[in-house]
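The structure appears below as structure tokens.
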Number of protein chains: 2
Amino acid sequence: MCAAEETTGEDTPWGEVTPEAARRLLVAAVDAFAERGYHATTTRDIAGRAGMSPAALYIHFKTKEELLHRISKIGHERALYVLDTEADRDGTAAERLAGAVRSFVRWHAERHTTARVVQYELDALGEEHRTEIVALRRRSDAVVRRIIGEGVRDGEFDVPDVPGTTLAVLSLCIDVARWFNAQGSRTPDEVGELYADLVLRMVGARQIPR
Amino acid sequence: MCAAEETTGEDTPWGEVTPEAARRLLVAAVDAFAERGYHATTTRDIAGRAGMSPAALYIHFKTKEELLHRISKIGHERALYVLDTEADRDGTAAERLAGAVRSFVRWHAERHTTARVVQYELDALGEEHRTEIVALRRRSDAVVRRIIGEGVRDGEFDVPDVPGTTLAVLSLCIDVARWFNAQGSRTPDEVGELYADLVLRMVGARQIPR
DNA sequence: CCCGAACCTGAGCAAGCGCTTAGGGCTTGT
DNA sequence: ACAAGCCCTAAGCGCTTGCTCAGGTTCGGG
């Protein structure tokens, strides 16, 4: 199902988007969408930021919505990859949960421009594209729920309401994209560390690992 | 500071908006903004939902942005009132924090249509109106920070990073407006209860009150 | 009965929107 | 040298947008 080229854990952002002109447009769109929102952004604005004429956009993308879809899909895949990687490590449930939250939050802070589009412009997608993306989001939910469930099973965590707590944990992480500011006083690493600690408290982890 | 007419804790929503036609338009706007977002909503749509012609809107509101501003201002005042009321009660810091979170979350769930507009359409406001609203939001932050600070001072809470934890608590509550669904399986009361418990864990409250 | 104020509508304007089309320069292989 | 193919632009089409304005309806007070 997944080709070898689709390396969702790459270092270069948007490396899989080719040709380079399309990538430039896409990056410009991410900035514009994050700044003003999808509906308040014009195709002329996107093209302008990429140093091209408005018509150039339609050589690389069929519609403005397709741009959003590609951003949203790649973004969700990246976020999910980050979460999955940490969840599949060895260690106690507490260690894995802390690692997952730390990385997931760090991703949302570091890539807060992308994350804002990914997390808050879902409604602007068309019907089909949205259901596709929602499926990806459910997988994130499943990952976190599994770790918490295992922690409860092994007696590591004290969680009366696993689905509710899962929801709250993910909600907390996702909302970082809304408030995080690069000019602010906290680094992405610091926020990740703080949040990992807070989440361990939420699940009543019996001891702080490491 | 507050006039007698400014009863922000009323039972009837939007009771302070008169005349009745203006209130109908405002309610229609809340629904439309919450559903599609400010920029994706047309003045024709708002007027249509209120059963009026597009021109009628401009008798009661100068611009579309003024509509958003009134919604945002009243909404923020209500939310802040809810928070303040619980924060000013007697009791331990844990009791007050739990009460504040419970009520604040319940408000965001019950009034999730309004809350979505209030919390996620800030950027659509004009420069002046936005700074006015941001000032209201800082007051919410101060309320929560004060309770947590007092809990730490009295040895009730164990919080290494008070500003960070305050941020996280508010972030958690606010994000309820994004995911809460009236058709979902949880009632606003249940979510409020769950979240109050989770927040007490986050601050390391020594015992669960009541 | 008429007046003025309050409220609302039908029609429409200027501007801006997403998107299309015709065509012109590059680069590349031969 | 030249043709093919790719990438881009200038111009603009059809439509929708926020908003305006002249005029009509309703209603309480004189």
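Just so you know, these numbers come straight off a predicted model, no measurement behind them. Residue numbers begin at 1 in each chain, while the letters A, B, ... track the order of the sequences.
- The CZ atom of B/Arg36 sits 15 Å away from the C1' atom of D/dT17 (whole-angstrom rounding).
- Spacing between atom CG of B/Leu67 and atom P of D/dC19 amounts to 10 Å, rounded to whole angstrom units.
- Tested against B/Asp141, the residues B/Arg137, B/Arg139, B/Arg145 include a single side chain to side chain donor-acceptor pair (under 3.5 Å) partner, B/Arg145.
- Geometrically, B/Lys64 engages B/Tyr38 in a cation-pi contact defined by less than 6.0 Å to the ring centre and at most 45° from the axis.
- Between B/Tyr58 and the phosphate of D/dC19, there is a side-chain N or O to OP1/OP2 separation shorter than 4.0 Å.
- Taking the side chain of B/Met52 as heavy atoms from C-beta on, and the options C/dT9, D/dC19, C/dC19, the nearest nucleotide is C/dT9.
- Residue B/Ser53 places none of its side-chain N or O atoms closer than 4.0 Å to OP1 or OP2 of C/dG10.
- We find that CD1 of B/Ile59 is positioned 8 Å from P of C/dT9, with the value rounded to whole Å.
- One atom, CZ of B/Phe61, and another, C1' of C/dC8, lie 15 Å apart when rounded to the nearest Å.
- B/Leu25 has its CG atom 15 Å from the C1' atom of D/dC19, to the nearest Å.
- A/Lys62 contributes no side-chain N or O that, together with a main-chain N or O of A/Leu67, makes up a donor-acceptor pair within less than 3.5 Å.
- Between D/dC19 and B/Thr43, no contact under 4.0 Å exists linking OP1 or OP2 to a side-chain N or O.
- Side chain A/Arg44 to base C/dG16: no donor-acceptor pair is found below 3.5 Å.
- At a threshold of 4.0 angstrom between heavy atoms, the contacts of B/Thr42 are confined to the sugar-phosphate backbone, with no base atom among them.
- Rounded to the nearest 0.5 angstrom, B/Thr63 OG1 and B/Phe61 CZ are separated by 10.0 Å.
- Look at NZ on B/Lys62: it is 15 Å from P on D/dC21, rounded to the nearest Å.
- Rounded to an integer number of Å, the gap from B/Glu20 CD to C/dA6 C1' is 15 Å.
- Here the straight-line distance linking atom CG of A/Leu97 with atom CD of A/Glu150 works out to 11.0 Å at 0.5 Å rounding.
- Distances shorter than 4.0 Å separate some side-chain N or O of A/His60 from OP1 or OP2 on D/dC8.
- We find that NE2 of B/His39 is positioned 12 Å from P of C/dC17, with the value rounded to whole Å.
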